[in-house]
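Heads up: the structure comes next, in structure tokens.
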Amino acid sequence: MLRRIHLRPATREAIEGYLGISPWLIGFLIFTAGPFLASLVLSFTDWQITVPPRWVGLDNYVRIFTKDPDFWQSMRVTFTYVALSLPLNLAAGLGLSLLLNHPVPGMRIFRTLFYLPVVLSGVSVALMWMWLLNPEYGVANTLLAMVGIQGPNWFWSPDWALPSVALMSLWRVGGGAIIYLAGLQNIPPHLYEAAEIDGAGPLAKLRHVTLPMLSPTIFFQLVMELIDAFQVFTAVYVITGGGPARATLFYMFFMFRAAFEDFDMGYASALAWIMALIIMGFTALVFRSSPLWVYYESEGKGS
Amino acid sequence: MAPFPPRFLPLSWSRRFTTVLVFLTLTALALLMIGVPIGWMALTAFKERSQIFAWPPVYWPDPVRWQNFSDVLTQIPLARFALNSLFIAVMNIVGNLFSCTLVAFAFARLRFPGRNTLFLLLLATLMIPGQIMLLPRFVVFQTLGWVGSYLPLIVPSFFGNAFFIFLMRQYIMTIPRDLDEAARIDGASTWDVFSKIILPLCVPPMMVTAVLTFLWNWNEFLDPLIYISDYDAYTVQLGLNMLKGRYNIQWNLIMAGSLLGVIPPAVLYFFAQKYLIGGIASVGLKG
């Protein structure tokens with residue numbers, strides 16, 4: 001169509017370019033930018049979904065911070081979980097990737113197996129864990145009993161429910177490991193050879209070659225896992241319902257309840273914005289701290 | 001010590017020892033992390049009720065009770081739900097393949113003012129966690145009157161997905177420009193270059209897109225939970241969630257249902273893992 005109209009080639013290319021990206025650009029405006037701003041406005045209203053929103057100013061925020069004990073509980077739960085699962089996942093992912101980087105027979109099978117939990121998520125897996133960690137008949141406590149340990153009540157104990165969710169998240173460690181593995185394989189072998197010539201042992205090589213060279217990947221994973229921690233939902237919804245005694249009242253679940261069980265959409269919008277600010281704040285913090293510990297090769301291809 | 005290709009020389013004893021050690025560690029880990037949980041789920045799915053609660057524990061189902069599966073399927077129309085899930089997933093695949101290839105091509109090959117800024121914007125949206133958008137999007141779909149239908153689960157894919165656009169754009173950048181230019185000299189239009197030259201070469205990232213889109217949609221729980229209210233329209237995940245309420249302690253039936261729910265993604269994964277793990281590692285992503 002454009003061919004019939006006489007246009008300068010550059011103009012035509014620009015028009016075609018905009019046409020090409022238009023699905024994404026329109027989608028961005030309708031499904032991301034627009035709703036994002038609209039929800040900011042809604043967070044200043046009282047909106048019970050069936051009746052039109054009513055402007056209430058900062059009321060929702062005041063209520064959240066001063067009158068809602070569940071908000072503080074959900075913050076405590078989410079941040080405890082971050083503190084528990086983040087170092088665990090980082091260390092385990094890194095450890096697994098170091099193992100997977102070693103040439104052994106059947107490597108493809110190992111990689112495929114360890115990545116499997118990442119593609120199997122959802123309700124099936126939540127139910128599976130609920131059964132594995134069943135206090136009386138689950139395999140975990142059965143195996144523990146065989147070595148003479150009385151296993152905990154897992155999801156059904158206020159003290160163990162949160163660690164149980166963290167344990168579940170550790171099951172997906174293969175996802176992180178695959179990403180570390182890609183980083184490991186990009187480390188030029190000559191660095192190790194040079195280190196060996198200098199008499200470095202395996203630990204020194206890990207400390208002075210592997211970890212610095214891997215720091216951009218670790219950085220990336222840190223941001224991703226931080227964001228992930230705020231997403232925990234299915235396990236909570238299916239297994240614990242936020243309990244026992246609010247021990248697994250994750251932020252996401254708390255927000256979901258406000259929006260879709262209490263239908264308090266204005267209030268829930270305010271909660272969504274608080275979460276957005278927290279996540280953005282932490283992401284910024286991680287980025288700001290990165291020059292202190294992330295090593296980029298000066299002429300590297302960048303990633 | 002001169003660098004040498006290790007495989008042409010006999011391995012030193014310490015190297016061989018490390019290899020054996022790593023192999024054994026990986027085997028033990030795989031058994032414990034993957035074998036035990038999935039094996040326990042699968043074995044439970046075939047047991048009789050009395051065997052689940054037996055002490056000392058019964059490991060192998062005896063007799064093997066296939067009826068657990070038919071029991072679950074008569075209680076909850078999982079086959080129906082599977083078709084619903086499949087429909088949603090296929091529509092998302094179509095949407096993503098259509099929109100992401102086009103957008104990626106425009107970003108990779110066409111020059112237009114503001115291209116770099118817009119691409120940065122696209123990358124920035126990758127950093128926005130999905131859950132932040134949950135509520136704002138619900139409000140939009142509520143306003144459009146789409147809540148209760150599949151539209152909120154399908155339509156957004158036709159507007160592209162930042163991650164897949166990025167993946168494809170990176171891939172298209174590796175295709176030599178000579179191909180486009182040769183075609184242009186022969187009088188090919190931009191659309192011709194896209195559809196006849198670039199698209200046929202983009203099969204690997206399209207495979208990754210299709211497989212991941214299927215897996216994500218099949219496993220998605222929160223979106224269907226919010227948008228689908230009609231029982232007949234339930235997805236597999238919503239159906240599985242009902243197992244818990246229906247069979248309070250009949251873990252053999254619950255595990256039979258769960259096993260059915262993970263079979264499609266597991267089978268797809270084993271066939272497509274060659275594409276998947278490479279594609280994922282190259283851009284950095286986890287499920």
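So you know, we letter chains A, B, ... as the sequences are listed, proteins then strands, and number each from 1.
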### Structural part of B:F105 lying under 4.5 Å from a heavy atom of chain A
neither
#### Entry: Region of A:M252 in contact with chain B, defined by heavy-atom distances below 4.5 Å
side chain
### Task
Indicate yes or no for a side-chain donor-acceptor contact from B:Q237 to the backbone of A:G122 under 3.5 Å, with no hydrogens or angles considered.
no
### Message
At a heavy-atom distance under 4.5 Å, which candidate from B:I226, B:T125, B:V140 has the highest pair count against chain A?
### Response
B:I226
### Query
Using non-hydrogen atoms only, which part of B:I165 is less than 4.5 Å away from chain A: side chain, backbone, both, or neither?
side chain
### Query
If you measure from CD1 on A:I21 to CZ on B:F112, what distance do you get to the nearest 0.5 Å?
4.0 Å
#### Entry: Contact origin within B:R109 toward chain A - heavy atom pairs under 4.5 Å
backbone
### Message
Checking the side chain of A:Y18 only, and the main-chain atoms of B:P113 only, is there a donor and an acceptor separated by less than 3.5 Å?
### Response
yes
### Task
Please confirm whether B:F23 and A:F110 have ring centers closer than 6.0 angstrom.
yes
### Query
Quick one: what part of A:I227 sits under 4.5 Å from any heavy atom of chain B, side chain, backbone, both or neither?
both
### Task
Would you check if the side chain of B:N219 reaches a backbone N or O of A:V119 as a donor-acceptor pair within less than 3.5 Å?
yes
### Query
Can you name the side-chain contact (heavy atoms from CB on, under 4.5 Å) partners of B:S258, sequence neighbours left out?
A:S124, A:L127, B:M41, B:I254, B:M255
### Query
Any idea which of A:L113, A:I109, A:L40 has the most non-hydrogen atom pairs under 4.5 angstrom with chain B?
A:L113
#### Entry: Candidate pair B:F138 and A:F260, rule ring pair (Phe, Tyr, Trp, His ring centres under 6.0 Å), full reasoning
CA-CA 10 Å; B:F138 181 82; A:F260 303 106; 4.8 Å; yes
## Note on the structure
Bottom line for A:A38: the part with an atom under 4.5 Å from chain B's heavy atoms is neither
### Query
If you take all heavy atoms of B:L135 and A:A259, which pair is closest and at what distance?
CD1-CB, 3.4 Å
#### Entry: Any donor-acceptor pair under 3.5 Å from B:Y269 side chain to A:T112 backbone
yes
### Query
Of the options B:L243, B:L240, B:N241, which is the one that meets A:V238 in a side-chain contact (heavy atoms from CB on, under 4.5 Å)?
B:N241
### Message
Suppose the criterion is side-chain hydrogen bond (donor to acceptor under 3.5 Å, both in side chains): which pairs have a residue in residues 26-39 of chain A, not counting sequence neighbours?
### Response
A:S39-A:W273
## Note on the structure
If one checks every heavy atom of A:F230 against chain B at 4.5 Å, the contacting part turns out to be both
#### Entry: Selection from B:L215, B:L121, B:L134 maximising heavy-atom pairs under 4.5 Å formed with chain A
B:L121
### Query
Relative to chain B, which segment of A:M130 carries a heavy atom at a distance below 4.5 Å: side chain, backbone, both, or neither?
both
### Query
Okay, side chain of A:W24, backbone of B:A162: is any donor-acceptor separation there less than 3.5 Å?
no
### Message
Under 4.5 Å from any heavy atom of chain A, what part of B:V262 do you find: side chain, backbone, both or neither?
### Response
both
### Task
Starting at OG of A:S121, measure out to CH2 of B:W218 and round the result to the nearest 0.5 Å.
12.5 Å
### Query
Where the side chain of B:R137 meets the backbone of A:F31, is there a donor-acceptor pair that is under 3.5 Å apart?
yes
### Task
Please report the closest heavy-atom contact between B:W40 and A:Y137, naming both atoms and the distance.
CZ2-O, 3.5 Å
### Message
As a quick check of understanding, evaluate side-chain contact (heavy atoms from CB on, under 4.5 Å) for A:F114 and B:M33, giving each step before the final call.
### Response
CA-CA 8 Å; A:F114 284 113; B:M33 275 180 58; 4.1 Å; yes
### Message
Given heavy-atom pairs under 4.5 angstrom as the criterion, report whether the side chain, backbone, both or neither of B:T27 touches chain A.
### Response
both
### Task
Mind listing the closest non-hydrogen atom pair of A:L99 and B:L29 along with its distance?
CD1-CD1, 3.9 Å
### Query
Hey, which of B:P265, B:G261, B:P136, B:A106 has the most heavy atom pairs under 4.5 Å with chain A?
B:P136
#### Entry: Which atoms of A:F36 approach chain B - backbone, side chain, both or neither, heavy atom under 4.5 Å
both
### Task
Pick one of side chain, backbone, both or neither for A:T11, based on which atoms fall under 4.5 Å of a heavy atom in chain B.
neither
### Summary
Assert top hit (heavy-atom pairs under 4.5 Å, partner chain B, pool A:A126, A:P35, A:S269) equals A:P35
### Task
Name the option with the most non-hydrogen atom pairs under 4.5 Å to chain B; the candidates are A:F256, A:W129, A:Y180.
A:F256
### Query
Stepwise, does the side-chain contact (heavy atoms from CB on, under 4.5 Å) test hold for B:Q273 with A:R108?
CA-CA 10 Å; B:Q273 50 91 12; A:R108 279 252 325 240; 3.3 Å; yes
## Note on the structure
Bottom line for A:A140: the part with an atom under 4.5 Å from chain B's heavy atoms is neither
### Query
A:P23, A:P117, A:G27: which one forms the most heavy-atom pairs within less than 4.5 Å of chain B?
A:P23
### Task
Tell me, for A:L181 versus chain B, whether the close heavy atoms (under 4.5 Å) come from the side chain, the backbone, both or neither.
neither
### Task
Might you work through the side-chain contact (heavy atoms from CB on, under 4.5 Å) test for B:L102 and A:L19, ending with a clear yes or no?
CA-CA 9 Å; B:L102 187 65; A:L19 276 177; over 6 Å; no
### Message
Apply side-chain contact (heavy atoms from CB on, under 4.5 Å) to residues A:L116 and B:I38 and explain how you reach the verdict.
### Response
CA-CA 11 Å; A:L116 181 66; B:I38 293 186; 3.8 Å; yes
## Note on the structure
Bottom line for A:P103: the part with an atom under 4.5 Å from chain B's heavy atoms is backbone
### Query
What part of B:E220 lies closer than 4.5 angstrom to a heavy atom of chain A: side chain, backbone, both or neither?
neither
### Message
Between B:T18, B:L268, B:L222, who has the most heavy-atom pairs with chain A when the cutoff is under 4.5 Å?
### Response
B:L222
### Query
Which distance, rounded to the nearest 0.5 Å, do you find between the OG1 of B:T25 and the CG of A:L98?
12.0 Å
### Message
On a heavy-atom basis, which atom in B:P37 and which in A:L132 lie closest, and how many Å separate them?
### Response
CB-CD1, 3.5 Å
### Message
With a sphere of 6.0 Å drawn around CZ of B:F271, does it hold more than 12 non-hydrogen atoms of other residues, nucleotides or ligands?
### Response
no
### Task
To the nearest 0.5 angstrom, please state how far the CZ atom of B:F158 sits from the CD1 atom of A:I26.
14.5 Å
